Amino acid sequence: MKRASLHLLKGTGYLVSTVSVVLLAIVSWSNASKDLLLTACLLAGAATSVVGMFCRWLSYEIEKRQEEHFEKPNDQAMKMPMADHGADA
């Protein structure tokens, strides 16, 4: 599986998890809204879960961009000597 496909799969997984958190919060809202502490816990729990998933997704995005950045100079460095060698021949 290509790296881009894995990255898309991770992003999709985090999106599905975010939707599931929202759906569970909706189901729980009717009971939690009767008590201020339960409401606060429900909202805080759902929010921290979504923020945590966003942070993990963002870390994968940053890693992907760093890997792409470090691969480009290496590819160019490997091609340069070959191009120079071919020009001399």
Side-chain angles (χ1 to χ4, degrees):
M1 187 175 259
K2 291 184 179 181
R3 192 177 324 175
S5 298
L6 288 173
H7 185 71
L8 181 62
L9 182 61
K10 287 176 186 177
T12 302
Y14 288 129
L15 181 62
V16 169
S17 294
T18 299
V19 170
S20 72
V21 167
V22 171
L23 292 173
L24 290 171
I26 290 169
V27 170
S28 302
W29 181 255
S30 63
N31 285 330
S33 64
K34 296 174 185 172
D35 181 6
L36 184 60
L37 181 60
L38 290 177
T39 301
C41 289
L42 176 64
L43 293 175
T48 55
S49 181
V50 170
V51 168
M53 286 181 280
F54 175 75
C55 289
R56 290 191 305 195
W57 173 82
L58 188 59
S59 73
Y60 286 120
E61 188 69 28
I62 291 168
E63 285 176 356
K64 178 186 167 200
R65 290 180 187 200
Q66 286 177 342
E67 288 174 2
E68 289 173 353
H69 176 73
F70 288 124
E71 286 176 359
K72 286 181 182 177
N74 291 339
D75 290 344
Q76 290 175 356
M78 291 175 66
K79 290 178 184 176
M80 292 292 281
M82 295 175 84
D84 291 340
H85 186 285
D88 292 339

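What's counted below: heavy atoms across the whole structure, side chains too, no hydrogens, waters or symmetry copies. Since we're looking at a predicted model, the values are computed, not measured.
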Could you state the interatomic distance from [atom1] ([X]) to [atom2] ([Y]), rounded to the nearest 0.5 Å?
X     : Y     : atom1 : atom2 : result
Leu43 : Thr48 : CG    : OG1   : 10.5 Å
Glu61 : Phe54 : CD    : CZ    : 9.5 Å
Leu15 : Leu8  : CG    : CG    : 10.5 Å
Gln66 : Glu68 : CD    : CD    : 11.0 Å

Asn31 to Leu38 - nearest heavy-atom pair and separation =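 Result for this residue pair: O-CD1, 4.3 Å.
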Provide the closest heavy-atom pair for Ala32 versus Leu42 in the form atom of the first, atom of the second, distance.
->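 What the structure gives for the nearest pair is CB-CD2, 3.7 Å.
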Side chain to side chain contact (heavy atoms under 4.5 Å, CB included) between Cys55 and Val51, worked out | CA-CA 6 Å; Cys55 289; Val51 168; 4.2 Å; yes
Kindly work out whether a path of hydrophobic side-chain contacts (I/L/V/M/F/W/Y, heavy atoms less than 4.5 Å apart) joins Val16 to Val21.
->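 The answer is no; the residues belong to distinct hydrophobic clusters.
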Decide whether Ile62 and Phe70 are clustered together by the hydrophobic rule: side chain heavy atoms of Ile, Leu, Val, Met, Phe, Trp, Tyr closer than 4.5 Å, transitively.
->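 In one cluster: no.
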Glu63: partners by side chain to side chain donor-acceptor pair (under 3.5 Å), with sequence neighbours left out =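 Scan of Glu63 (side chain to side chain donor-acceptor pair (under 3.5 Å), adjacent residues dropped) gives none.
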Ser49 side-chain N/O to Gly45 backbone N/O, donor-acceptor pair under 3.5 Å |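 No.
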Should Trp57 and Met53 be marked as a side chain to side chain contact (heavy atoms under 4.5 Å, CB included) after you check the CA-CA gap, both sets of side-chain angles, and the distance that decides it?
-> CA-CA 6 Å; Trp57 173 82; Met53 286 181 280; over 6 Å; no
With Leu23 via side chain to side chain contact (heavy atoms under 4.5 Å, CB included) - residues at least two apart =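 Applying side chain to side chain contact (heavy atoms under 4.5 Å, CB included) to Leu23 gives Val19.
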